[in-house]
Amino acid sequence: MYLNRVHRTFPKLKKLVTRPQSQAVLPEQNEYTDTPEYPPILDMSLQGKKLRERQELHKKIQAINTVEEKQIALNMPRYYGWKCILFNEDKVPYNAMPLVQYYTRSHFIPVDKLPEYYKETSEAADAVVQEIKGLIEEAILIENGGVDRKFITSTKKKEQPQLEDALAKCIVKQINRIISNNLADKVEHVLSSQVDYDPRHEAFWFIGGVDTPINVVRWRQQYGKLKDRWYESIDRPIQYLGSPLLTVRNRLPLKPILPFEEAVNPEFKVPKFTAEPQACGYSTEHRHGTNIPGFWPGDFDEFGLVSYHGRGHILGRRESFGPEDHIEALHCQAMKASFGWLLAQANYQGFTTFNDVTYPLVTQTVITNGQLWSLYAYQLNTIELHRDKVDSPKSNICFGTKPLKLYDSIENGKVQGLNEDVLKMIVQFYLNAPEERDHEMKPYLGEEEQVVADIEDDNKRCWLENRYKHLVSNRPKHYLLPEVYLWERVFKIQFNSRFFEAKRRPFELGINPYTRRLDQHLPPYIPKVLRPYPKSRKKFETTYYPKV
Amino acid sequence: MSTRWYPIYQKGNPQLRVFLPNFWMKIVQPQAKQLPNVVQFHCSMEMTKFDIKNYLEKIYHIPVVDVRTKIAIGKFRRDVGKGYVIKDDDVKTAYVVLPKDMKFEYPDIFANKKDDAEEEQKALGDAKKNFQDYLDRNKHRTDVPSWFTI
């Protein structure tokens, strides 16, 4: 079109030139069909519309190709991050078990021995235990008294728990080394597995069905129209933060403990816990949601086998909580850690908190201080816990033992009463071989592009990589966060005593800065010298935020 | 603990004075829903978590598992008459966690309030009706004082 060339220089020209009337070409067709075709009947109430909006968002996230883009998409609605309930691995308040069970939808089954699932490795484990028993005793002795070491502790946490975790880490490293060395030539998967020390485990999800916070109710009460929606539940974002002592992961996933159909078994139904998390002792923090299972997307060994966690935080709990609650706290820690790790792994397979897993994932968790060992096996069946899925019958399943003593004491330079049953269970965790699954592992990822590194466009790939890493680093913003100062709250919001002043602050203009979207910022400016030759009007660099 | 000064002894003063402590606690109705084993108190600003725990354990023999406290800012309001903004005192709130098998329910203090209000309304209605009857009875002799009647 000749217009394309000149209409920029002479903008009014476009209006002057009359266009010929355009008409769509109508193919000859009969507008009647044999059977009547009706449009779908939609719920046009406000709730119905909002539900459709949410479902559309979930579909959009499902359709995104790469793992990293999905993670950015989860964070798109909040520039300053979500107000997350913090699920620290090592902070368990009193009586937290019902809350943790509901928030991770975990049915807990207390056991004394490992479930039937481990029966086939029983004999092999017995033989291995006899071989490594001496080495384990020696390692325990050396780590407990043979080395004169000085652990560096941080002043931010209590000292005793840190020391216990540091010692536990040394013992766990040794035991992992001994068992792996022994099994390396016996079973195939041990040699090919990767071992991580102090990995970064983070997981992010939404939970529905919790009581609406009082400030949200008060906000809604300003508007008469919303009267029937005052107490309508909202999604609460949850962030799990954990740091295991050591993890082992493999290219293949472990086989399910129970068949996937068992997930809807009403026996495993988890009771609802609707009280606010603050009522239980949990706190909130503004941060971007992150899903990190200890490695970056694109790593080949992306399924966990075993993770070891410290139990030092039990020493930091109050004595008045009592020994029973301490054991429950260990169960809580195991459920949080197992669910958190598996959720992050599931995210790397392309599932998110809005798109449920299509197959179960399994992990094995050990909580220890070197002497006391609690063992857990966890099967993840569902990660979709948001408000539209409150009544979903699916639940996750956790088998767990009480803390068991690996040995009674150390006397006269000898380990007294080494418990071979406990050692056998640990060996069985290693003997549990991962298997290739005969179904699609990544149904919601692209065929060619599964991670950002697969993208061919250099600009897009680099931009997305940088944005993703910066987002999940959760570094503080350069500018201070928006704030309503107390004097403003008193003299501008509550009492209109400065009505003569110009209204410039966000709250005076009816803007909530915390609802700003992630892409609501000016992209980096391109200086004129750097713009492409000969003439480019593009002042700002392109951004590649996922369109959700 | 009391913050009162012990006065300098003057002849004739009592030999021993006992001052009551500043510490006080009152149970309040929680705004947000709490767990059944959590009780919410307002307490003296000087009390620490340990003070609260000891107060309940030593005086009332209540088993306390955990205490969480927060200080809430006082309300701002316009002074009646003067018109300027004044602020109420801050409040220290304590959430006391009891063992998980215990249960506390905030009592319904004003359960009888409705009945009382109804009775009052009834009495008022009766009084109004009697007065109306009196007016009706005397409508033909409006200039006669009320005491001049049978």
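Here is the naming used below: chain letters follow the sequence lines, and residue numbers restart at 1 for every chain. Small disclaimer: the values here were computed from a predicted structure and weren't measured.
Annotation: maximal heavy-atom pairing with chain B below 4.5 Å, among P213(A), P98(A), C280(A), occurs at C280(A). Chosen from V64(B), V38(B), D66(B), the residue pairing most often with chain A at heavy-atom distances under 4.5 Å is D66(B).
Only the side chain of Y94(A) comes within contact range of chain B, with at least one heavy atom under 4.5 Å from a heavy atom of that chain. Contact of E328(A) with chain B is made through the side chain alone, with heavy-atom distances under 4.5 Å. Contact annotation for Y95(B): neither backbone nor side-chain heavy atoms come within less than 4.5 Å of a heavy atom of chain A. The part of Q278(A) that comes within reach of chain B is its backbone (N, CA, C, O), which places non-hydrogen atoms under 4.5 angstrom from that chain. For a residue to count as touching a neighbouring chain, one of its non-hydrogen atoms must lie under 4.5 Å from one of that chain's; by this rule V65(B) touches chain A with backbone and side chain alike. Contact annotation for K87(B): neither backbone nor side-chain heavy atoms come within less than 4.5 Å of a heavy atom of chain A.
At least one cation-pi condition fails for R4(B) and Y6(B): the charged atom is not both under 6.0 angstrom from the six-membered ring centre and inside a 45 degree cone around its axis.
Contact annotation for residues 99-122 of chain B against chain A (heavy-atom separation below 4.5 Å, listed by residue number): P99(B), K100(B).
A distance-only check finds a donor-acceptor pair linking the side chain of T212(A) to the backbone of Y231(A) [under 3.5 Å]. Put simply, the side chain of R68(B) gets close to the backbone of A279(A): a donor and an acceptor are under 3.5 Å apart. Remark: the backbone N or O of F108(A) is not paired with any side-chain donor or acceptor of S106(A) at under 3.5 angstrom.
Residues D235(A) and W82(A) form no side-chain contact, since every pair of their non-hydrogen atoms from C-beta on lies 4.5 Å or further apart. Between L330(A) and P403(A), the closest side-chain pair of non-hydrogen atoms falls below 4.5 Å. Between W205(A) and H386(A), every side-chain heavy-atom pair lies at or beyond the 4.5 Å cut-off. In this structure the side chain of D51(B) never reaches within 4.5 angstrom of the side chain of E46(B), judged on heavy atoms. A heavy-atom distance below 4.5 Å is not found between the side chains of F339(A) and V100(A).
Ring pair F268(A)/H107(A): centre-to-centre distance below 6.0 Å.
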